[in-house]
Chemist: 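This is the structure I want to talk about, given as structure tokens.
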Amino acid sequence: MFALIDCNNFYVSCERVFNPRIDGKPVIVLSNNDGCVIARSNEAKALGIRMGHPLYQCKDLVKKHKIFVYSSNYALYGDISNRVMKLLQSYSPDFEIYSIDEIFLGLSGFSNWDLTEYGKLIRKSILLGLKMPVSIGIGPTKTLAKLANHFAKSSPTAEGVFEIKNAILVQPLLKLIPVDEIWGVGRQWSYRLKDIGIKTAYDLSACNHYEIKKKFSVILARTVLELQGISCIALEEMAPRKNIMVSRSFGSPVTLYSDIREAVANFATRAAEKLRSQNSLATGIMVFIRTNHFNKTDSQYSNSISLKFPIETDNAMVILKYAVEGLQKIFREKYRYKKAGVMLLDLIHGRVTQPDIFIDDKVMNNHNLMNALDKINGKYGKQTVQFAVCGYRKAWKSHQENISPSYMTQWDELLVVYAN
DNA sequence: TCTGGGGTCCTAGGACCC
DNA sequence: TCTGGGGTCCTAGGACCC
């Protein structure tokens, strides 16, 4: 048996941890650059605010109902996530952190337990310990645990916990679930499935998995089996990333090469930091830039380039050099750029590399210097020491109009309590 | 005026090998 | 007139997830 535990309206719930004044009020959290709605409190959902909706298109609703609006604060959400995950891991030795707000627990050692009661206990402890409301779905496969989680949220009597004891008993409920709400079935496949008469989770569970594999892919065939109660998707170890991406939309359009270069240099520096923090080396880098494709009157341009490093590296200076070199090749004058990004490619883990007798490894991989850099910036704050090419104009800076304090990760932003 | 930012896996097709 | 059979590796594109 598996449990899927996820945090309700996670980013909103994080904002509420330190700000009880917004409990019970409509709250939304925005994507980077304050663009789209990416988290909504139940009250905001009830007012008709849709997921992924651009803010400027629901400004009226926000104003009319005095909805609280927050820019996303990943330092805060990341830290709270770590605490939630740590507490949840104390309830089973087998787990898989699936996303910032979701974890699977393996419950194979709990065969004689009342899992629903255990779920309620877990739920209470997370709420009490961290003020985080969670929903818990329990089932014989990960896909059914996901579905159970869906019922845990929607059923008024479930108290946040729903258990699917076996796949046969749950069949009547599967008839109520549209096929596109199944984990692993996205929009494209749901259209194709509906075309051939498969409309509900029950319909899909009744399919022959060989047929589905032929018509779609092994992935969907696995989903069919999982719906039938045959577990095919195991808990996975946390694997290091294979690629690392850093990209941002600009607050306003950028035209100057020097400004774009500054942005790309900042993204590359940040990507290199992430790379070193997971103890990997990158084989190459991809750089991309693009104009605002929503703007129908501007002339459009979008391009990318991939470059290979001479040898694998985590040296910010080398990575920066290639990032700028790539940018030079794809940059064109006279466009209004809206977004840029870099991706470090084909990462190698554990710093096990093939040396090259023609390349001076000390130049390519200056670990001592990078360690010093990371330590200084770790101790005294981000960008205490930075590369000149990262600049100071920040013409490309994203919008971030209403960001809450980083209560957990910045000394000067700790919660202040006033006594009367 | 304003529209996010990360990831993964699978498959088909082409280039190449013997 | 007729032209095999077995592989691997790489890449781009498309699907999915949060």
Side-chain angles (χ1 to χ4, degrees), chain A residues 4-11 28-39 50-60 62 69-74 77-78 81 85 96-104 142-143 146 149 179-193 212-223 226 232-233 236-253 267 270-271 274-275 278 283-284 286 288 290-298 304 306 308 336 338-347 398-401:
Chain A
L4 174 73
I5 302 164
D6 78 350
C7 303
N8 300 342
N9 318 327
F10 181 56
Y11 296 167
I28 57 176
V29 175
L30 304 177
S31 61
N32 267 335
N33 211 26
D34 291 346
C36 299
V37 177
I38 54 167
R50 281 182 292 147
M51 183 67 176
H53 212 64
L55 176 66
Y56 77 95
Q57 288 177 11
C58 40
K59 272 256 157 83
D60 292 344
V62 167
V69 179
Y70 288 89
S71 306
S72 35
N73 182 346
Y74 291 102
Y77 311 152
S81 171
M85 296 304 169
E96 173 189 344
I97 296 173
Y98 182 66
S99 76
I100 193 164
D101 71 332
E102 280 172 279
I103 188 170
F104 284 103
K142 283 165 100 177
T143 304
K146 271 269 193 184
N149 188 281
V179 78
D180 53 331
E181 285 185 25
I182 302 167
W183 186 45
V185 180
R187 191 174 293 164
Q188 299 306 316
W189 286 355
S190 79
Y191 291 151
R192 282 177 57 197
L193 285 166
I212 292 294
K213 186 182 169 182
K214 251 189 278 174
K215 289 191 183 127
F216 293 84
S217 81
V218 282
I219 301 181
L220 197 59
R222 276 202 285 260
T223 301
E226 287 246 322
C232 320
I233 308 173
E236 278 170 38
E237 299 269 314
M238 268 284 267
R241 299 265 167 251
K242 295 175 177 172
N243 298 295
I244 288 176
M245 167 114 125
V246 176
S247 75
R248 288 289 177 277
S249 292
F250 305 144
S252 45
F267 303 159
R270 179 71 196 117
K274 289 192 192 178
L275 181 71
Q278 72 160 38
T283 311
M286 185 269 278
F288 74 89
R290 76 148 177 250
T291 51
N292 183 358
H293 56 276
F294 291 108
N295 189 322
K296 298 300 174 210
T297 52
D298 276 8
S304 72
S306 294
K308 226 170 136 58
R336 287 154 54 83
K338 183 61 179 169
K339 184 172 180 174
V342 304
M343 187 150 123
L344 296 174
L345 307 170
D346 301 323
L347 309 188
S398 303
H399 289 298
Q400 235 183 14
E401 266 158 42

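Residue numbers begin at 1 in each chain, while the letters A, B, ... track the order of the sequences.
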Chemist: Given atom CZ of R50(A) and atom P of dT3(B), what is their separation to the nearest angstrom?
Modeler: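 So the two atoms are 17 Å apart, to the nearest Å.
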
Chemist: Distance check: side-chain N/O of N33(A) vs OP1/OP2 of dC2(B), anything under 4.0 Å?
Modeler: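 Checking dC2(B) against N33(A), no side-chain N or O comes under 4.0 Å of OP1 or OP2.
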
Chemist: Quick one: are Y11(A) and D101(A) in side-chain contact, heavy atoms under 4.5 Å?
Modeler: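 No, every pair of side-chain atoms sits at 4.5 Å or beyond.
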
Chemist: Is there a side-chain contact between K338(A) and the phosphate of dG4(B), meaning an N or O under 4.0 Å from OP1 or OP2?
Modeler: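 Indeed not, no polar side-chain atom of K338(A) lies that close.
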
Chemist: Where each residue is assigned the nucleotide of DNA chain B containing its nearest heavy atom, which of M245(A) and Y74(A) is assigned the position nearer the 5′ end?
Modeler: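 Its nearest nucleotide lies further toward 5', so the answer is Y74(A).
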
Chemist: If you compare every side-chain N and O of K339(A) against the phosphate oxygens of dG6(B) (OP1, OP2), does one of them come in below 4.0 Å?
Modeler: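 For dG6(B), neither OP1 nor OP2 has a side-chain N or O of K339(A) closer than 4.0 Å.
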
Chemist: Under 4.0 Å between a side-chain N or O of S249(A) and OP1 or OP2 of dG5(B)?
Modeler: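 For dG5(B), OP1 or OP2 has a side-chain N or O of S249(A) closer than 4.0 Å.
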
Chemist: Given atom NE2 of H293(A) and atom C1' of dG4(B), what is their separation to the nearest angstrom?
Modeler: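 H293(A) atom NE2 is separated from dG4(B) atom C1' by 11 Å.
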
Chemist: Select base, sugar-phosphate, or nothing to describe what D34(A) touches, counting heavy atoms under 4.0 Å on all strands.
Modeler: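 No contact.
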
Chemist: I244(A) side chain: which of dG7(B), dT8(B), dG4(B) is closest?
Modeler: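 From the listed options, dG7(B) comes nearest.
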
Chemist: Please report, rounded to the nearest Å, how far the C1' atom of dC18(C) is from the CE atom of M51(A).
Modeler: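 Value for this atom pair: 9 Å.
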
Chemist: Using a 3.5 Å distance criterion without hydrogens, assess whether the side chain of S72(A) forms a donor-acceptor pair with backbone atoms of L30(A).
Modeler: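 Indeed, once roles are kept as given, a pair shorter than 3.5 Å links the two residues.
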
Chemist: Under 3.5 Å, is there any donor-acceptor pair linking the side chain of Y56(A) to the base of dT1(B)?
Modeler: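 Counting by modelled atom types and ignoring angles, no donor-acceptor contact under 3.5 Å is found here.
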
Chemist: Is F216(A) touching bases, backbone alone, or none of the nucleic acid, heavy atoms closer than 4.0 Å?
Modeler: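 It contacts nothing in the nucleic acid.
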
Chemist: How would you label the contact of K213(A) with the nucleic acid (heavy atoms, under 4.0 Å): base, sugar-phosphate, or nothing?
Modeler: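 Nothing: the residue K213(A), judged by heavy atoms under 4.0 Å, touches no strand.
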
Chemist: Name the residue closer to the 5' end of DNA chain B, choosing between K274(A) and H399(A) according to the nucleotide with the nearest heavy atom.
Modeler: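 The residue closer to the strand's 5' end, by nearest nucleotide, is H399(A).
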
Chemist: Provide, to the nearest angstrom, the distance between the CG atom belonging to D60(A) and the P atom belonging to dC2(B).
Modeler: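 Taking CG of D60(A) and P of dC2(B), I get 18 Å after rounding.
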
Chemist: Using whole Å, report how far CD1 of I38(A) lies from C1' of dG4(B).
Modeler: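 To the nearest whole Å, that distance equals 7 Å.
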
Chemist: At 4.0 Å (heavy atoms only), tell me whether I97(A) reaches a base, stays on the sugar-phosphate, or touches nothing.
Modeler: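 The answer is nothing, as I97(A) stays clear of every strand by at least 4.0 Å.
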
Chemist: Can you identify which nucleotide, out of dT3(B), dC18(C), dC2(B), has its nearest atom closest to the W183(A) side chain?
Modeler: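 Out of dT3(B), dC18(C), dC2(B), the nucleotide with an atom closest to W183(A)'s side chain is dC18(C).
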
Chemist: According to a strict under-4.0 Å criterion, is R222(A) in side-chain N/O contact with OP1 or OP2 of dC9(B)?
Modeler: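 Looking at the OP1 and OP2 atoms of dC9(B), neither is under 4.0 Å from any side-chain N or O of R222(A).
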
Chemist: Between dC16(C), dC17(C), dT8(B), which nucleotide has the shortest distance from any of its atoms to the side chain of N243(A)?
Modeler: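 Nearest nucleotide to the side chain: dT8(B).
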
Chemist: Applying a 4.0 Å non-hydrogen cut-off, can you work out what R192(A) is touching in the nucleic acid: base, sugar-phosphate, or nothing?
Modeler: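 The answer is nothing, as R192(A) stays clear of every strand by at least 4.0 Å.
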
Chemist: Which whole-number value in Å describes the distance from F288(A) CZ to dA12(C) P?
Modeler: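 Taking atom P of dA12(C) as the reference, CZ of F288(A) is at 16 Å.
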
Chemist: Does K142(A) qualify as a cation-pi partner of F104(A), given the criterion of NZ or CZ under 6.0 Å from the six-membered ring centre and within 45 degrees of its axis?
Modeler: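 Judged by the rule (NZ or CZ under 6.0 Å from the ring centre, within 45° of its axis), K142(A) counts as positioned above F104(A).
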
Chemist: Measure from the side chain of V218(A), starting at C-beta and using heavy atoms only, and say which of dC10(B), dC17(C), dG4(B) lies closest.
Modeler: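 Ranking dC10(B), dC17(C), dG4(B) by closest atom to the V218(A) side chain puts dC10(B) first.
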
